[in-house]
Every structure is written in structure tokens, then in C-alpha cells.
Amino acid sequence: MLLVLLINILIVGAGYGLIAIAFAVMSSVSPFFNLTLGSIIAFGAYGTYGLTEYAHLPMAVAIVISIAFCACAAALLERFVYTPLRTRGASSMVLLVASLGLYTIFEASIHLAFGPQYQILGGALGQNMNLGIFSMPKVQFITIVADFIVFGLVNLLLFHTFFGKMVRALNDSAKLANITGLNNNKIILIVSMLSGLILGLSGVLTGFDTGLEPTMGFNLLFKGMIGAIIGGSGSLYGPFLGAFFLAAAENVGVMLWASEWRDLVAFVIFIIFLIFRPQGIFQRKEK
Amino acid sequence: MKKLILILGCVLALSACKEENKQQGKEKPVVKIGAILPLTGGAAALGASLKAGTMAALEDKEKEGLKYHYKVVFEDNQHMPAKTAPAANKLIASDKVNMLLTFTTGPGRVAAPIAESAGLLQMCATLENEFAEPMGKTTFFQGPTVQSYQRILLSALEKRGIKKIAMLAANVGVACSGTEALSKMLSQKDIENEVECFNPSDRDFRLPIQKYVKEGYEYFYLQFFPPQTDILVRELKAQNIAPEHIFGSGIDTGSDVSLFENINHVGGSSGTQAFIDRLMAEYKIDNVYMAASSYDLIGLAIDAFENARDIKNIDEIVAYIKAHATRKCESGDCRLLENGFIANEAEWRTYIGGKPVALEE
Amino acid sequence: MEYLINLGILFCIYAMLALSLNMVVGLSGLVSLAHAAFYGIGAYAVAILMTMHGFGFWSSMLAGVVLNGITAFAVGKILSKFKGDYYAIVSAGLSVIVFSVLLNFKSLTKGPLGIYGIGKPSVAGFHFSSSLSFLALAFVFVVLFYALFVLIDKSSFGRALKGLREDEVLTVSLGYKTTKYKSLIFTLSAMMAGVAGSFFASYIAFIDPTSFQLAEGIFFFTMITVGGLSSAFGSVVGAALLLILPEALRFLGLPYETAAQLQQLIYGALLVMMMAFRPQGLFGKFKV
């Protein structure tokens, strides 16, 4: 049973992890609780669904276009909505509320365009694969692999390249970064696209695993954000491991009690963390 | 800004005072049915089947020749009781409906006092049972009886020699409590079982299912709404539970018909095979879970209006229904009980080739 | 006419909520999304005590108010450690926790089955069973809350709140115990939300947990953001506007299946436009 628990934590944690990483990456240049990141997850899923179902494109092509669209959407939203608002002196609350408004608009639009019906992305990815002691749908295995790869690559990018240095400089102080000659806008653009890409990927994978519904973005984003916050900022290990920690808390709760209390456990852990260790588990440097 | 508010206020006031729409059909007076259904949200598939049943009832009655012209006005309450009250008020005040149709006792109980004080009939298609409190003096509700549910499920399990079944339900409406009641009954008949209920936002069923599989459960009983229905059935199959080992109520309300192939469906009021086939073909719906309920209720209501000397006299309407509700109806034998509940029989079906097929008890 | 009276009752309930929330968000700058929880506790107090224990409306409401007060006091202490958008997210989390309890603590709340048959209030033998009388009673409370808001706004307490809203560090340095003030206003606001919940339970006569989810709290927040932060008039206008909107949509004869979504689109658009062009809301005096 323990093995079963661990595997499930791995699967669920990987799913949350992708979102947590994307959220952390985005927060490094645009720090606020951006609810439209949830919309982008939905765009990834619905884009793929729409392109395969209505435009009859092959699955692989649809996925690539969809994820590319997500990257662009994230960049455009940042460039034309949040950065201008921030420049005009908007507090992070205003940004949160604006993102809430936009999220509502996007969710309603998806609902109107695709109907409330639950859908699922079909194909071979839903099929089980046998790995000896256990079997799981291929897509869940791919999610785990993707999480590790994304973590590895983004970690490399942010902490071992010059570009990453620029991003972290921007994070520390946008004004200073600008003065020292960094092209803030370009950096923000690239980082948003990266975040959007990861979110789009997450959406696609979710689309194969648990399917699509217009409200899918909100809950997933929340879980990802909680994972990122529990894990702590300042290092990418934070969101990556924090997501697994959240998954562990939830699943242990389900094992010991019942599934009814899953959300309660998640939020109580979240709040306890924020009270007693607001910097997260894996804070590397002081914020 | 003040102007905007003023304008919106005028729109509202004007609309509330709006005269009734021009009459359809020059000779026949119009009788309006206000249907408050879950047209969107998790119960949307059920709303669609109720809508189909309603329209089919209208269609069939019209063939017999009617005194009045019947029109249905729909409102979406997203299966939330709180949204039912404004919808009912609007239907009564603005659309001047002559009766209400609702789904499940939550919205039904909210609408009951509203209907009663307006002197209007309410028909409610429910999953409630024969032990429920009356909903109101002018409300009748119909659904399969708990006893027939239990009998059918028990028969289905005993026929297969099943002695152990895991029971999973959603924390929505009567799904969880209904499943708990079934669980008690099964325990009394020495069928080992465990109940677990899930929040409507829960999408992760892997661990719970594995928990039960490890405890030796090979059979599962489900009671959910979409999309949990779909996700759960998919997950069960991914964990190598055969469709024949899956039992459930309302599982055919999920979005993907191909999922239900060979699954055991217990309960609901879907009607005869011919009725089901006709509804699926004519109204292009995938599931007919409560369609026969709304068909029966609307048919009965129309009969009451047709036979009343004064359709605005609610006592006459109620008296007619009390006298005629016990009859042979599409959902099986209908029996009116003391509490205003019109009981019909549950059924046992499976899916073959995407279509529901009745199984012998 | 009956329709307008019913709409009026809902307006009163939402106006009470808006006024209570605006005290916390507008006057004090604390973005709370937890008010759906207090609304729910007030509603369930009345529902449970009246239907299962034979209490009257007023004593049940009082019990709900007290329970809200205690809960808010405890919760407020936790929340006061956070600022800005963290405050919002934690308060949202609290809303989810309370909803989870309402849904799953079945022995107390009957969970998803809900509680029906909730009665109406009486005063000195007069029973508020007609909708017109109920509207009048609810309206009295709206006026009371409105007056309370204006009173606090103009008082030194209000000035201290606005001070800590604008610059907490400065206010603390001037000797004000800001945590005490935040706690006080949050507790008061929660108790008021409980009153609104009590009226809601009595009016609809049937409640279930679905009316008290996070989405509802976000709706309340939208009301005051659009109507005007830190303004009593703005609260009332926001409540009216957001209530009239779905009703007005009904009359446009839109296809039934899309009405709910179009309503959401409009709410979302309102929020975005407000933030972009008028972050203090229509009649507000404070920008988040």
C-alpha cells in the first residue's frame, strides 16, 4: 500500500509541480497572484481539443500549436495588461482583481465556445502502460518525466546561465536592472513565454489524464500556487519539491481519513506553513 | 454613472410590468409551464433529458387534441437551490406561468412555498423517496422508490454472487445519503461494503480506488454527476476493473456514451425501451436518466388542466392529480403516496452498442 | 409587484453583505474573500437552531452572530499576519475550509442534503410571513448597517482604520495598536455578514452548502469593487447593480443555456474595466 501511496504522490506532485514551477517563474518577473495563469492551462487543453476535433489536425501538430499559443497568450497578457497596470502604480491587489476579471471572462468564453460538457483528449496516451509492479496510463508517466525535465531545464536556465542572472537581477530590483542596461521588457517577454509554455503543457497533459472542463484552470492553479508557496521562493527546488509535499499531505489525508477532507487538509497545511514558516521549506536566500 | 443605474433600473421596472406576450394560436388560450432545470453545470445532462421528456409529453398530448395551447418557458438554475427562487419569481410574475417544473428536492423545496403562495402547481422530478416530508400543498414529486432501488441492486448483486462491493458517491444532493442508505441495506443482507463520499471538485480518484482494490474489493457502486462520472469510470477501467463489475445510479449521465458499455445501471426513471429509443433519436440526447419522470409529470399536469373547469383554481387541479396520479405511466407503475410522492419503479439496465438495454430482475 | 418585492429582499441581503465587507476592504484595506464563510455560518445557525432545536429567529441569529464573532476573532488573528494579496489568498483558503466543513460535517449540517423548512421571524406576536413585511424588516437592517458604516467612517476609529490602510507603519509609529483595530473591524464585519446570512436562510427557507462557496465571496467582492470602496453608498449601489444585471439579462430573451455565462462575462468585464479605469469603484474613495 505504501508503494501505491508513493506512486500516487509522484503522479499528483508532478502535475502540481509543473504549475508550481510556471507560477514561480512568472512571479520572478511579475510578482502577484495571477489568476489568468489558470486560464492558460485551460487554453492548452481546449486549444488541443479544438484543433483536433474541429480543425481535424493531427494530435502532435495540435499540441504544438496549442502550447505555442499559450506561450504567446501569457506574454501578451503580461505585456499589455499587467506591466502597464504596474507601471501606472497599481498595487498587486489591483493586478489580482484584474486577473480575476480576465479569468472570469476567459472561463465564460470557453464555456460558450465549447459548451459545458466534459471532454477528454483521446488517443493512445490514455492507455495503460505496464512497468512491472504497477501500471498507470501513459500520460501520467509522461507527466512525471515532464516535471523532472522541466525542472532540470528551467533550473539550468535560471541559475546557470547569464540570462538567468538577468532574470534574477530583474526580480531583485526592476529599476536597478533597467539602469544597468538590461532590457526589462525583453526579459519579461521571454520569461512569460516560458511560463506560458509550461502551463500549456500542463493543460495538455491534464486534458489527456482527467479531461477538460471550463473551470479546470482555477483549482489546478490554486494547488500549484500553494505548492510553490509552501516550497518557498528563491530557488526552483522550492516549487518543485513543495508540489510533492502538498501532494503528500493530500494523499496521506485521503489514506488516513476520507477523500471528503482532501481540500481541507491542503488548505490547513497551507495556512500553517504561511504562519510558521512563511519563507517556505526550501528557501535558499532571504527575500 | 448615475445615468447607467437609472437606465438599468428603468429596464427592470418596465420588464416587470411588461404585458403578457401576444397569444400564440388565435383560438386557443395559452397555458405556460415554467421549467426550472439545470441547463448548465454538472447536472446539465440531466437537465437535457428532463427537457426532452417535457417536450415529448407536449408532443404526444397535442396529438390527442387539446383545449389549450401549451408553451414551456425554461430557466437555468444550475442545479442550485439559491438560484431557483429568483427564477421561480420571474416565471410567475413576468411570464405568468400556470405551473412550475423543477428537478430534485433542493430546488423543489425552495420553489414550493413560492408556488403555493401564488396558487400554482409544482411538479418536481426527484431522486427523493417515499419517506420524504411533503414538499408543499401544491407540489407533487415523482421518482423511483428506495425500496425498488434496493430490490433491484440486491437482485443484480445476488444474481452475480457478489458479496463485497465498494460504494462511492458524490457529496451532491441525495447521492451520498442515498448511497449510505443502500449500504445499510446491503450490510443487512450480508454483503460487505464500505461507503466513501467525494467533494464535487475532486478529480483525483486513483488512490481511493487503489485503497479499495488492495482491501479486496472487486466490485464498485457509483453515484456521481459529470464530469466525476466520466473520470471515475475511466480510472476504474485504467485500474483493470471490468465494466461488468461496475454498478451505479446515474452513471449514464456522463458525457461519453462509449464509457458505459456493459456497465450496470441501477435506477432512474427512463421508461420503456421504445420510449428511450425514441427520445434518443428525436431529441439527440445521450442519456434519458429522468426523462420518463418529466414525461409523466407533464402529461399528468396537462390532463389536469384539460379537465379543469377553471385552470386558475388550484384546488381543482390538485384534486384531479390526487385522483389520477396512480396509473400506468411511462416510468412503470405510478402510485401516489400520502406525502405527495408519486412512486415509480427503478430499473436495471446495461449499455450495448451505446444504447440502454433493460435487464431482467 | 411580488417579483419586485422578492428582488428587493435579495437586494437588502446583498446590501448588508456589501456594507459589512466594505468596512474591512474599503475602510481598512484588508482584502477579505472569507465573507462567504461568515454568511454561511449565520445562515446555518438560523437553519439548524430553528428547524432542529425549536429556537426562534432572533435567538438563532444572535447565536450565529456570536459564533461568527468568535470565529472571526480567531481567524482575524491568523489573517493579520498577512498583507495585500497574501491576505486575499489566505482568506480564500479559509472560505474553502468553512465550505468543506459545511459540506462534510453531516451530523451537524446535513451536508449536501441541506436544511429546509426554515421559519420566518416574529416580533411581539407579529409574524413576518408576508414578503412585504419581510422586505420591510430587512430594509430596517440595511438602514442600520448603513448608519453604522457612516458612523465608523466619520469616527476616530474610522480615521485610525484609514490610517492603517494607507500606511500601516506610520500609523503604528503614531502609537496605534493596528492589530487590535484590524481584529475589531474584521470581527464586527463578520458578525454583520452573519446577520445577512440569517435573513437569507429565513427568506429562501432552504439552504445547502452550495450557496456558500468561494465563488460567492468573490461575488461580494465584485459588488463593492464595482460600486465603490470605502463608501456606504457605493456598497449599496454595487449590490443593486450586480443583482439587477442577471435579472435584466433574463428579459433580453437570450438562449437559456448561455445566459449564465454571459452574466459571468459581464461581471468579469466590469472587474477589468474598474481596475483599468476606476480602481476605487463607481462611488469609492479608496483604491486597492
Can you tell me how the ring of B:F141 sits relative to the ring of B:F341, calling it parallel under 30°, perpendicular over 60° and tilted otherwise? tilted
Taking only residues two or more places apart in sequence or in another chain, which ones pass side chain to side chain donor-acceptor pair (under 3.5 Å) with B:T54? none
Only pairs of heavy atoms separated by less than 4.5 Å count here; which of B:A170, B:P107, B:A87 has the most with chain C? B:A87
Part of B:V172 lying under 4.5 Å from any heavy atom of chain C: backbone
Contact part of C:S131 toward chain B, heavy-atom cut-off under 4.5 Å: side chain, backbone, both or neither? neither
Step by step, would you call B:S249 with B:Y149 a side-chain hydrogen bond (donor to acceptor under 3.5 Å, both in side chains)? CA-CA 9 Å; B:S249 181; B:Y149 251 101; 2.9 Å; yes
So does C:F126 have more than 12 non-hydrogen atoms from other groups sitting under 6.0 Å from CZ? yes
Verify the ring-centre separation between C:F199 and C:Y39: is it less than 6.0 angstrom? no
Quick one: of B:A118, B:A85, B:S177, who has the most non-hydrogen atom pairs under 4.5 Å with chain C? B:S177
Atom CZ of B:F131 with >12 non-hydrogen neighbours under 6.0 angstrom: yes
Segment of C:K110 engaging chain B (4.5 angstrom heavy-atom cut-off): neither
Interface residue of largest heavy-atom contact number with chain B, from C:D208, C:T258, C:I207, C:L113, under 4.5 Å: C:L113
Tell me, side chain or backbone of B:E133 under 4.5 Å from chain C's heavy atoms, or both, or neither? both
Turns out that what part of C:L10 lies under 4.5 Å from chain B's heavy atoms comes down to side chain
